[in-house]
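Each remark here refers to the structure printed beneath this line.
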Amino acid sequence: MSAQARPRHAPMTQFPIVDGELMVGGRSVSALASELGTPFYAYDRAVIDTRIAALCAALPDTVKLHYAIKANPMPALVQYMAGRVDGLDVASGGELAIALASGMAPAEISFAGPGKREAELEAAVRAGVLLNVESAREVELLAGLSQRLSLPARVAVRVNPDFELKSSGMKMGGGPKAFGIDAEAVPALLARIGTLGLNFEGFHLFAGSQNLRSEAIVEAQQLSYALALRLAEHVPTPIRTLNLGGGFGIPYFPGDTPLALGAIEENLAALAERSSRELPGAGLVIELGRYLVGEAGVYVCRVIDRKISRGQVFLVCDGGLHHHLAASGNFGQLIRKNYPVLIANKAGAEVTENTTVVGPLCTPLDILAERLELAVAGPGDLVAVLQSGAYGFSASPRSFLGHPDPCEVLL
Ligand SMILES: *Cc1c(COP(=O)(O)O)cnc(C)c1O
């Protein structure tokens, strides 16, 4: 393939380059590495702010923005987000504790996820957060807990829709799924919720994740809204919240283009207007994880060794798959593709050398970049993996092979 024909990464301009150094949070990556040691994750508040400001300018005032903390549950970052979004979505008792400690009002926290244990349900009822129920078992357990605690549980029904979010990196609705209640079974469950005296608040639909096609997101939002409207005929009490999910993606791989918000903005405005008439009193919510924080994070490791094997340059680093499973290509990708990677302390230099960047693990899966054009580098240089603010530190098998943990900083 010629250099022109090979797809390139979308331009990533969130971190400036000053004197040949990549800058994160106003500091050079070299200075951060000297101070923190390597490897590390750094998250830049200013990049998060820019993203949230652009999104808030695009969203209708009546649509609430939630942060799904699964994307990055670092407590300092969640606390930062709590002051900037309307609500937090959690998916475990551990995440619930982080969300409650963040300062976000419990009324604006919701808890989804299959297989909630009884202790998790109890903690959620005691805290007064909204439970997105995913099974009949959860409904029955919540009825018992509500009675025992004299505290009626707040519930929304997570619906497994009868459609999919097209072109998603990960599909989480449509067909047989472990998530939510099949749409056709929802009316009977709503009747049961009414009989049991739980506080019914609405619906939660989440069709999929990591989507870069606005038409697909618009279609999923329209279908989700239409499904909620049909199910509204069976609700025990009026809908107060309708969570339409998210799925907004970010560009990771060569050829990916950033999500365009225009059509989504128009669609949400139209849906907000319709819901004010058709579902009066219902607030619309979207819940986003990686779109809010993914581009604000960088993973940095140091080159330990440079080897040439049968003509191929290898940089062997002090970090890899065990810290950043997704960048290694082993977190749900079918075909391994390179994340955007650069030599952070030579960020101004020409990229002239075809390089494979690997970690220190004894497995051929431990790859951070494969045959990517990089600046010529060797021991001591710093490798930066961009788009690493979501599904990095917390989504990696950090005890695999017994290397030390990376540190995490919010700048
Ligand atoms: C994972 C998840 C999210 C966040 O997905 P992103 O791709 O990070 O935006 C939101 N809602 C639910 C229910 C999820 O499971």
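Order of listing sets the numbers, starting from 1, for every ligand and every atom in it.
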- Task: Pick one of side chain, backbone, both or neither for how A112 approaches ligand 1, counting any non-hydrogen atom pair under 4.0 Å.
- Result: neither
- Query: On the ring face of Y80, is R45 found with NZ or CZ under 6.0 Å from the centre and within 45° of the axis?
  - Reply: yes
N/O donor to acceptor pairs below 3.5 angstrom from side-chain atoms of residues 99-112, sequence neighbours left out:
| unit_1 | atom_1 | unit_2 | atom_2 | d |
| --- | --- | --- | --- | --- |
| S102 | OG | A99 | O | 2.6 |
| S102 | OG | M104 | N | 3.2 |
| S110 | OG | D89 | OD1 | 2.3 |

- Query: Does the side chain of F248 come within less than 4.5 Å of L292's, by heavy atoms?
  - Reply: no
- Item | Atoms of ligand 1, numbered as shown, that sit under 4.0 Å from any heavy atom of A68 | 3 (C), 4 (C), 10 (C)
- Query: For K70 and ligand 1, does the shortest N/O to N/O distance drop below 3.5 Å?
  - Reply: yes
- For residues I304 and C317, report the shortest heavy-atom separation together with the two atoms involved. CD1-C, 3.9 Å
- Is there a side-chain contact between F331 and Y391 (heavy atoms, below 4.5 Å)? yes
- Query: Going by the order shown, which atoms of ligand 1 are within less than 4.0 Å of some heavy atom of E287?
  - Reply: 10 (C), 11 (N), 12 (C), 13 (C)
- Message: With a heavy-atom distance limit of 4.0 Å, tell me whether Y391 approaches ligand 1 through its side chain, its backbone, both, or neither.
- Response: side chain
- Message: Within the 4.0 Å heavy-atom shell around S209, which atoms of ligand 1 are there?
- Response: 5 (O), 6 (P), 7 (O)
- Nitrogen or oxygen atoms of L288 and ligand 1 under 3.5 Å apart: no
- For the side-chain contact (heavy atoms from CB on, under 4.5 Å) test, which of L141, L142, L121 pairs with V133? L142
- Message: Tell me the contacting part of R290 for ligand 1: side chain, backbone, both, or neither, using a 4.0 Å heavy-atom threshold, strictly below.
- Response: both
